[in-house]
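What follows is a short report on a single structure.
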Amino acid sequence: MPLSDSGADSGVALDEQLAEASRLSEEGEDQLALDLLLGLEADYPDDATLLCMIGALAAHAGAEGMAVDYFRRCLDKSPTDPTLLITAGSGLALSGDAAAEPALRMAVLTAPDLPAARLHYGNYLVRAGLLEQGLEELSTARRLDPDDSGIREASGLAYLLAGRAGEALVELEAAATGSDDPSARLLYGLALIQEGDLSRAAEELLPLAESMVEEAEVQAVLALVFGIEGWENEAWLALSRAEEAEVRVDPAALREVEEAIEGGEESMRALLLDEIAPSALRERMFRD
């Protein structure tokens with residue numbers, strides 16, 4: 001978790017407990033961390049950092065209602081720490097809460113040179129349909145930290161939504177190059193497919209055959225891309241992995257992929273470009 005400071009008037013004891021909760025969370029003990037923080041609430045009901053940390057842990061646990069409640073209570077304390085404003089604001093944005101926008105805007109006003117503030121406010125504006133304003137914020141974030149792959153990815157997705165494919169590909173390629181997360185490479189590959197550059201997409205997506213072996217939808221995309229490229233063995237292997245993947249899709253969809261491979265390049269292109277790839281890209285563009 002990114003939060004550990006409680007502010008000057010919260011007391012050493014609380015600071016130590018918050019630091020311990022952060023340590024537990026970083027070690028994967030989220031429930032222990034949450035229990036610790038909830039035990040502190042009665043003694044420190046007005047501490048904005050404590051409330052925000054509880055909200056963040058609740059959100060991570062999937063307790064959306066609880067997270068929203070604590071994020072709102074945090075913001076009710078009128079915090080000025082941009083980290084608190086970003087965490088609570090972005091958490092509320094996921095639920096469509098109206099308090100998200102002023103919190104994220106205040107983070108930018110409070111810390112205009114903080115890349116995270118620009119990134120999260122930009123993302124909010126893009127999701128709200130204010131593409132040009134959002135792109136301005138993301139451009140500033142990119143100027144402040146040009147090597148941050150998360151900022152480059154967010155910029156790429158925003159450009160895709162704005163119909164600016166060339167700029168989107170530049171940003172998504174930078175994100176894929178600068179990140180170890182296979183999802184960044186997947187996004188870049190899907191954007192290449194959308195723009196019709198299937199040969200380049202196949203080359204970019206080839207490493208995902210092993211790194212995203214448990215995601216059936218990804219393997220279905222690979223099966224079609226590889227098949228179109230004439231990589232028959234790789235196509236059938238990807239389809240086999242899709243059928244056995246832990247994160248499954250509708251078996252009928254996989255039968256369609258199988259039939260398309262058997263039907264040849266035209267069938268594979270139609271299924272990939274009209275259905276499978278656009279669906280996969282949309283899902284990841286709007287994923288929280």
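Just so we're clear, the structure is a prediction, and the values are computed from it rather than from any experiment. For this chain, numbers begin at 1 and follow the sequence in order.
Checked by atom type and distance alone, the side chain of Ser279 never pairs as donor or acceptor with a backbone atom of Glu275 at under 3.5 Å. With hydrogens and angles ignored, the 3.5 Å screen pairs no side-chain donor or acceptor of Glu214 with any backbone N or O of Val247. Not a single donor-acceptor pair under 3.5 Å links the side chain of Arg284 to the backbone N or O of Leu187. The closest donor-acceptor contact from the side chain of Arg118 to the backbone of Pro112 lies under 3.5 Å. One N or O on the side chain of Ser90 and one on the backbone of Ile86 form a donor-acceptor pair closer than 3.5 Å. Ser25 places no side-chain N or O within 3.5 Å of a backbone atom of Ala21 that could act as its donor or acceptor partner. Panel note: side chain Arg142, backbone Ser155; no donor-acceptor pair is recorded below 3.5 Å. Counting only distance, with no hydrogens or angles, the side chain of Arg241 and the backbone of Ala209 share a donor-acceptor pair below 3.5 Å. A donor-acceptor pair under 3.5 Å is absent between the side-chain atoms of Ser139 and the main chain of Leu135, judged by distance alone.
Between Ala154 and Leu119 the shortest heavy-atom distance is CB-CD1, 3.7 Å. Of all the heavy atoms in Pro79 and Leu75, the pair that sits closest is CD-O, 3.7 Å. The two residues Ala245 and Ala216 make their nearest non-hydrogen contact at CB-N, 3.6 Å. Nearest heavy atoms, Leu144 versus Pro115: CB-CG, 3.8 Å. The two residues Ala103 and Leu85 have their closest heavy-atom pair at O-CB, 3.6 Å. In plain terms, the two heavy atoms of Pro82 and Ala107 that are nearest each other are O-CB, 4.2 Å.
A salt bridge links Glu20 with Arg23: the closest approach of a Lys/Arg side-chain nitrogen to an acidic carboxylate oxygen falls below 4.0 angstrom.
Side-chain contact between Pro207 and Met212 is absent, with no heavy-atom pair separated by less than 4.5 Å. Considering only heavy atoms from C-beta on, Val221 comes within 4.5 Å of Ile193 through its side chain. Using a 4.5 Å cut-off on side-chain heavy atoms (C-beta onward), Leu206 and Trp231 make contact. Within the 4.5 Å cutoff, the side chain of Ile54 has heavy atoms near those of the Met66 side chain. Residues Glu283 and Glu217 are in side-chain contact: their nearest non-hydrogen atoms beyond the backbone lie under 4.5 Å apart. Using a 4.5 Å heavy-atom cutoff, the side chains of Glu137 and Tyr124 are not in contact. In this structure, the side chains of Phe71 and Leu51 stay at 4.5 Å or more apart for every pair of heavy atoms. The shortest side-chain heavy-atom distance between Glu266 and Arg269 does not fall under the 4.5 Å cut-off.
A donor and an acceptor atom, one from each side chain of Glu64 and Ser95, are nowhere located under 3.5 Å apart. Between Tyr70 and Glu41, the side chains place a donor N or O and an acceptor N or O closer than 3.5 Å (distance only, hydrogens not considered).
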Evaluation steps, side-chain contact (heavy atoms from CB on, under 4.5 Å), between Leu239 and Gln219: CA-CA 6 Å; Leu239 179 59; Gln219 295 298 324; over 6 Å; no
Leu114 and Val108: CA distance, side-chain angles, deciding distance, side-chain contact (heavy atoms from CB on, under 4.5 Å) verdict: CA-CA 8 Å; Leu114 183 64; Val108 170; over 6 Å; no
Pair Arg255-Glu259, salt bridge (charged side-chain N to carboxylate O under 4.0 Å, His left out): steps then yes or no: CA-CA 6 Å; Arg255 285 196 296 273; Glu259 292 169 0; 5.7 Å; no
Check against salt bridge (charged side-chain N to carboxylate O under 4.0 Å, His left out), Glu171 and Arg164: CA-CA 11 Å; Glu171 295 304 312; Arg164 295 161 64 173; over 6 Å; no
Step-by-step side-chain contact (heavy atoms from CB on, under 4.5 Å) determination, Met53 to Ser22: CA-CA 9 Å; Met53 289 180 71; Ser22 291; 3.4 Å; yes
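When the shell of 6.0 Å around CD of Glu262 is examined, it contains more than 12 heavy atoms from other residues, nucleotides or ligands. Heavy atoms of other residues, nucleotides or ligands lying less than 6.0 angstrom from CE of Met106 number 12 at most. Applying the 6.0 Å contact sphere to CD of Glu246 captures no more than 12 heavy atoms from other residues, nucleotides or ligands.
Going from atom CG of Leu18 over to atom CG of Asp47 covers 6.5 Å, rounded to the nearest 0.5 Å. To the nearest 0.5 Å, the span separating CD on Glu215 from CG on Leu222 amounts to 10.5 Å. Atom CG of residue Asp43 and atom CD of residue Gln17 lie 10.0 Å apart, to the nearest 0.5 angstrom. Note: Ser149 OG to Leu172 CG = 11.5 Å, rounded to the nearest 0.5 Å. Atom CG in Leu190 sits 11.5 Å away from atom CZ in Arg282 (nearest 0.5 Å). Note that CE of Met268 and CG of Leu273 are 11.5 Å apart. Values are rounded to the nearest 0.5 Å.
A continuous path of hydrophobic side-chain contacts links Leu224 to Leu208 [ILVMFWY only; heavy atoms under 4.5 Å]. Residues Val249 and Leu237 do not share a hydrophobic cluster, defined by chaining ILVMFWY side chains whose heavy atoms lie under 4.5 Å apart. By the criterion of side-chain heavy atoms lying less than 4.5 angstrom apart, applied directly or through intervening Ile, Leu, Val, Met, Phe, Trp or Tyr residues, Ile261 is grouped together with Ile228 in one hydrophobic cluster. Leu57 and Val68 fall into different hydrophobic clusters, where Ile, Leu, Val, Met, Phe, Trp and Tyr side chains are chained together by heavy-atom contacts under 4.5 Å. Linking ILVMFWY residues whenever their side-chain heavy atoms come closer than 4.5 Å, directly or via other members, places Leu138 and Tyr188 in the same cluster.
Within the structure, salt bridge (charged side-chain N to carboxylate O under 4.0 Å, His left out) pairs that include any residue of residues 178-197 comprise Arg185-Glu204 (at least two apart or interchain). Applying the salt bridge (charged side-chain N to carboxylate O under 4.0 Å, His left out) definition to pairs two or more places apart or across chains, those involving residues 101-115 are Glu101-Arg105.
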